[in-house]
Engineer: 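Attaching a single structure in structure tokens format; questions to follow.
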Amino acid sequence: MLQVSYIRDNREQVLERLAVKNFKQANLVDEVIQLDDARRQTQAKLDNTSAEANSAAKQIGELMRNSKKEEAEAIKAKTGVWKEDIKKYSEELAVIEEELYQKLVLLPNLPHSSVPKGLTPEDNEVVLENGAVPELPANALPHWELAAKYKLIDFELGVKITGAGFPVYTNKGAKLQRALINFFIDEAEKAGYKEVSVPLMVNEASGFGTGQLPDKEGQMYFVNEDSLYLIPTAEVPITNLYRDVILKADELPVKNCGHTPCFRREAGSYGAHVRGLNRLHQFDKVEIVQVVNPETSYDVLEQMSAHVQSLLQKLGLPYRVLRLCGGDMGFGSALTYDMETWSAAQQRWLEVSSVSNFETFQSNRLKLRFRNAEGKTQLAHTLNGSALALPRIVATLLENNQTDKGIKIPEVLVPYTKFEWID
RNA sequence: GGAGAGGUGUCUGAGUGGUCGAAAGAGCACGCCUGGAAAGUGUGUAUACGCCAAAAGUGUAUCGAGGGUUCGAAUCCCUCCCUCUCCGCCA
């Protein structure tokens with residue numbers, strides 16, 4: 001959520017930035033400003049009336065104590081009007097604030113100046129490519145066939161017990177899951193992230209804090225009986241750890257990592273692009289989250305991007321880094337890098353990570369502040385990224401490392417898997 | 001699931017209708033004291049939104065949340081949420 005005061009002070013810039021995100025309802029900006037004007041006026045009227053009523057009440061108390069009953073009654077007689085006005089103004093204020101809020105939540109975050117204009121994924125900017133694309137034999141298989149051949153994943157069994165998009169990992173497939181999770185967590189800890197293990201369900205306030213609610217509830221599974229949402233990413237519980245918190249300056253940066261399953265309804269398309277592990281309703285992911293001083297947030301974003309890249313390098317996966325264009329970015333992000341690995345058998349790039357700086361968009365909703373050098377409270381910046389999501393990593397590992405003898409496990413993973421080959 | 005107790009500032013904790021944004025203590029910050037530290041001592045120490053060019057100042061709101069009674073509510077009433085204890089169930 002954008003800050004109203006910022007919108008007021010930087011109207012032109014806000015409009016210009018929103019245009020980069022192809023935001024269509026630019027009129028909302030002026031409506032927000034007008035509503036805020038109205039809010040201030042009504043607030044002032046309410047405050048002034050309350051002040052009068054408060055001082056009258058004090059006088060009455062004083063007079064009663066001195067048993068000047070008649071004078072007290074005289075003042076009492078005047079309070080009726082104030083009471084009515086106070087009621088009227090606070091009702092007005094509530095209506096205005098609600099309207100303001102409803103419009104404010106429709107405004108996406110402002111994209112950073114480096115965000116390219118554009119509408120579709122084709123307009124994303126390739127920042128860099130790294131790693132050699134492997135030469136596969138002519139009979140190379142896509143990962144879903146490899147998974148069947150080596151009995152790593154049983155998709156049908158998942159359908160039986162739950163439904164499509166909930167695979168069952170078996171044998172070395174199950175081991176590989178656990179190995180990747182531990183490898184990713186260990187690497188994150190080496191990079192200074194503290195591991196947390198968090199609930200997989202969150203309440204509505206948490207969904208609001210990170211921006212999934214209102215509006216995107218369709219993407220989350222909802223437990224009606226208890227009004228809880230299954231988390232679509234560990235970003236939600238981990239970032240919400242700091243909701244309604246004022247951090248001391250020396251507590252920044254906060255660096256957390258955590259592994260969780262992620263649940264996504266993804267009511268979407270079918271076909272080759274979502275076959276196998278390409279798109280699932282449940283998958284495992286290690287997430288990294290930082291809460292930082294605004295002055296450092298873009299340096300931190302680069303560090304997080306470098307961390308994710310280092311994982312891909314260690315796993316020997318060819319990858320590229322994209323700077324998402326305005327049209328492809330998430331609602332709350334100011335700048336997003338996507339990391340994609342090259343799937344040799346599918347002959348296409350698969351998104352395996354997304355690293356974003358939310359600036360104050362989340363912290364404003366979360367009321368996540370820190371005390372700055374002047375001792376004043378200030379909104380912190382939040383960032384997060386996948387480091388990494390498992391399914392597509394597994395997909396490319398299986399596909400890219402397939403040989404006549406079986407599938408070769410990357411060296412860094414062998415201490416975790418305790419086997420070198422899937423065969 | 002059943003019964004009971006309770007939710008006050010960073011923490012402990014007082015406060016049952018007016019002088020309460022809230023005693024006291026602890027913690028923390030700064031100063032004094034000290035060769036240095038501890039002890040001692042003094043001062044300060046919530047957040048948000050207004051007004052003001054800004055600082056100073058000042059107004060309003062907030063004692064789990066929302067509503068009500070009252071000229072006036074942390075304090076009385078209602079609803080909801082949460083925590084704790086005991087019992088039941090149970091990984």
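All values below come from the heavy atoms of this structure, side chains included, with hydrogens, waters and symmetry mates left out. Every chain is numbered from 1 and lettered A, B, ... according to where its sequence line falls, protein lines coming before strand lines.
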Engineer: Look at the side chain of A/Thr79 and decide which nucleotide, out of B/G50, B/C71, B/U47, has an atom nearest to it.
Structural biologist: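 Side chain of A/Thr79 sits closest to B/C71.
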Engineer: Please produce a list of atom pairs where a protein N or O lies less than 3.5 Å from an N or O of nucleotides 16-19 of chain B.
Structural biologist:
unit_1: B/G18; atom_1: N2; unit_2: A/Ala57; atom_2: O; d: 2.8

Engineer: Considering only atom C1', compute the distance from B/C20 to B/G9 and round it to an integer number of Å.
Structural biologist: 13 Å
Engineer: Between atom CG in A/Asn203 and atom C1' in B/C80, what is the gap in whole Å?
Structural biologist: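 From A/Asn203 CG to B/C80 C1': 15 Å.
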Engineer: Taking NZ from A/Lys248 and P from B/U10, how many angstroms apart are they, rounded to a whole number?
Structural biologist: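 Distance check: A/Lys248 NZ to B/U10 P gives 12 Å.
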Engineer: For B/U16, give the paired nucleotide (Watson-Crick: N1-N3 plus N6-O4 or O6-N4; G-U: N1-O2 and O6-N3; both under 3.5 Å), or none.
Structural biologist: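 Because no pair has both required distances under 3.5 Å, B/U16 counts as unpaired.
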Engineer: Can you find a side chain N or O atom of A/Arg371 that sits less than 4.0 Å from OP1 or OP2 on B/U47?
Structural biologist: yes
Engineer: Would you kindly give the CD1-to-P distance between A/Ile86 and B/U69, to the nearest whole Å?
Structural biologist: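 Computing the A/Ile86:CD1 to B/U69:P distance gives 13 Å.
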Engineer: Please tell me if A/Lys83 has a side-chain N or O lying less than 4.0 Å from either OP1 or OP2 of B/G72.
Structural biologist: yes
Engineer: Roughly how far, to the nearest 0.5 Å, is NE2 of A/His281 from CZ of A/Arg265?
Structural biologist: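 A/Arg265 atom CZ to A/His281 atom NE2 measures 8.5 Å (nearest 0.5 Å).
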Engineer: Is any NZ, NE, NH1 or NH2 atom of the basic residue among A/Lys45 and A/Asp85 found under 4.0 Å from an Asp or Glu carboxylate oxygen of the other?
Structural biologist: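 No, A/Lys45 and A/Asp85 are not salt-bridged.
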Engineer: When rounded to the nearest Å, what value does the distance between P atoms of B/A61 and B/A74 take?
Structural biologist: 10 Å
Engineer: For B/A48, take OP1 and OP2 only and decide whether either is under 4.0 Å from a side-chain N or O of A/Thr377.
Structural biologist: yes
Engineer: Over 60° means perpendicular and under 30° means parallel, so classify the ring planes of A/Phe361 and A/Phe331, tilted if in between.
Structural biologist: perpendicular
Engineer: Now, which nucleotide makes the Watson-Crick or G-U wobble pair with B/G36, with each of the two distances under 3.5 Å?
Structural biologist: none
Engineer: What is the base-pairing partner of B/A73, counting Watson-Crick and G-U wobble geometry with both distances under 3.5 Å?
Structural biologist: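 None - no nucleotide pairs with B/A73, as no candidate has both distances under 3.5 Å.
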Engineer: Paired with B/U41: which nucleotide, if any, by Watson-Crick or G-U wobble criteria at under 3.5 Å for both distances?
Structural biologist: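 By the stated definition (distances under 3.5 Å), B/G31 pairs with B/U41.
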Engineer: I'd like to know if A/Arg40 pairs up with A/Asp36 as an ion pair, taking the criterion as any Lys NZ or Arg NE/NH1/NH2 lying under 4.0 Å from an Asp or Glu carboxylate oxygen.
Structural biologist: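 Looking at A/Asp36 together with A/Arg40, the answer is yes, because their closest N to O distance falls below 4.0 Å.
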Engineer: In whole angstroms, how far is the P atom of B/G66 from the CD atom of A/Glu91?
Structural biologist: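 So the two atoms are 16 Å apart, to the nearest Å.
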Engineer: 5'-most contact on RNA chain B: A/Lys376 or A/Ser50, nearest heavy atom basis?
Structural biologist: A/Lys376
Engineer: Taking the six-membered ring of A/Phe208, is the NZ or CZ of A/Arg365 close enough (under 6.0 Å from the centre) and on axis enough (within 45°)?
Structural biologist: yes
Engineer: Once you round it to whole Å, what is the distance between C1' of B/C71 and NZ of A/Lys78?
Structural biologist: 12 Å
Engineer: Between B/U47 atom P and A/Asp244 atom CG, what is the distance in whole Å?
Structural biologist: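 After rounding, the gap between these two atoms is 14 Å.
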Engineer: When the C1' atoms of B/A46 and B/U83 are compared, how many Å lie between them, rounded to an integer?
Structural biologist: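 Pairwise C1' distance, B/U83 against B/A46, rounds to 23 Å.
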Engineer: Does any nucleotide pair with B/C89 by Watson-Crick or G-U wobble geometry, both distances under 3.5 Å, and what is it?
Structural biologist: none
Engineer: Indicate, with a heavy-atom threshold strictly under 4.0 Å, whether A/Ile246 touches base, sugar-phosphate, or nothing.
Structural biologist: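 Counting heavy atoms under 4.0 Å across all strands, the contact made by A/Ile246 is with sugar-phosphate only.
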Engineer: Between A/Lys87 and A/Glu84, does any side-chain N to carboxylate O distance fall below 4.0 Å?
Structural biologist: no
Engineer: Quick one: A/Glu73 CD to B/G72 P, roughly how many Å, whole number?
Structural biologist: 13 Å
Engineer: Tell me the partner of B/A61, counting only Watson-Crick (N1-N3 plus N6-O4 or O6-N4) or G-U wobble (N1-O2 and O6-N3) with both under 3.5 Å; none if nothing fits.
Structural biologist: B/U47
Engineer: State plainly whether the residues A/Lys117 and A/Asp123 are in salt-bridge range, i.e. N to O under 4.0 Å.
Structural biologist: no
Engineer: Say we look at B/U75 and B/A14: how far apart would their C1' atoms be, to the nearest angstrom?
Structural biologist: 13 Å
Engineer: Taking atom P in both B/G64 and B/U8, compute the distance separating them and give it to the nearest angstrom.
Structural biologist: 6 Å
Engineer: Indicate the ring-plane relationship of A/Tyr416 and A/Phe183, choosing parallel, tilted or perpendicular according to the 30° and 60° boundaries.
Structural biologist: perpendicular
Engineer: Please determine if A/Lys248 forms a cation-pi arrangement with A/Phe370, meaning its NZ or CZ atom is less than 6.0 Å from the six-membered ring centre and no more than 45° off the ring axis.
Structural biologist: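 That pair does not qualify as a cation-pi contact.
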Engineer: Please measure how far the P atom in B/G31 lies from the corresponding atom in B/C49, and state the result in whole Å.
Structural biologist: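 These two P atoms come out 31 Å apart once rounded.
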Engineer: Would you tell me if any nitrogen or oxygen in the side chain of A/Asn54 comes within less than 4.0 Å of OP1 or OP2 on B/A61?
Structural biologist: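 For B/A61, OP1/OP2 do have a side-chain N/O of A/Asn54 under 4.0 Å.
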Engineer: Between A/Glu340 and A/Tyr319, does the side chain to side chain donor-acceptor pair (under 3.5 Å) criterion hold? Intermediate values first, please.
Structural biologist: CA-CA 5 Å; A/Glu340 299 183 330; A/Tyr319 68 89; over 6 Å; no
Engineer: Just how far, in rounded Å, is C1' of B/C71 from CG of A/Leu63?
Structural biologist: 11 Å
Engineer: Does OP1 or OP2 of B/U60 have a side-chain N or O of A/Asn48 closer than 4.0 Å?
Structural biologist: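 Indeed not, no polar side-chain atom of A/Asn48 lies that close.
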Engineer: Closer to the 5' end of RNA chain B via nearest nucleotide, is it A/Arg39 or A/Ala53?
Structural biologist: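 Looking at RNA chain B, the more 5' nearest nucleotide goes with A/Arg39.
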Engineer: Quantified in whole Å, what is the P atom distance between nucleotide B/G59 and nucleotide B/G66?
Structural biologist: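 Each nucleotide's P atom is 24 Å from the other's.
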Engineer: What does B/A22 pair with, Watson-Crick or G-U, if both distances are under 3.5 Å?
Structural biologist: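 With both distances under 3.5 Å required, B/A22 matches none.
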Engineer: Does the structure show a Watson-Crick or G-U wobble partner for B/C84, both distances under 3.5 Å? Name it, or say none.
Structural biologist: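 Pair assignment: B/C84 / B/G4.
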Engineer: Using the C1' atom in both, what is the distance from B/A65 to B/G7, to the nearest Å?
Structural biologist: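 Pairwise C1' distance, B/A65 against B/G7, rounds to 12 Å.
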Engineer: Quick check for you: among B/C71, B/U60, B/G50, whose closest atom lies nearest to any side-chain atom of A/Ala51?
Structural biologist: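 Of the candidates, B/U60 comes closest.
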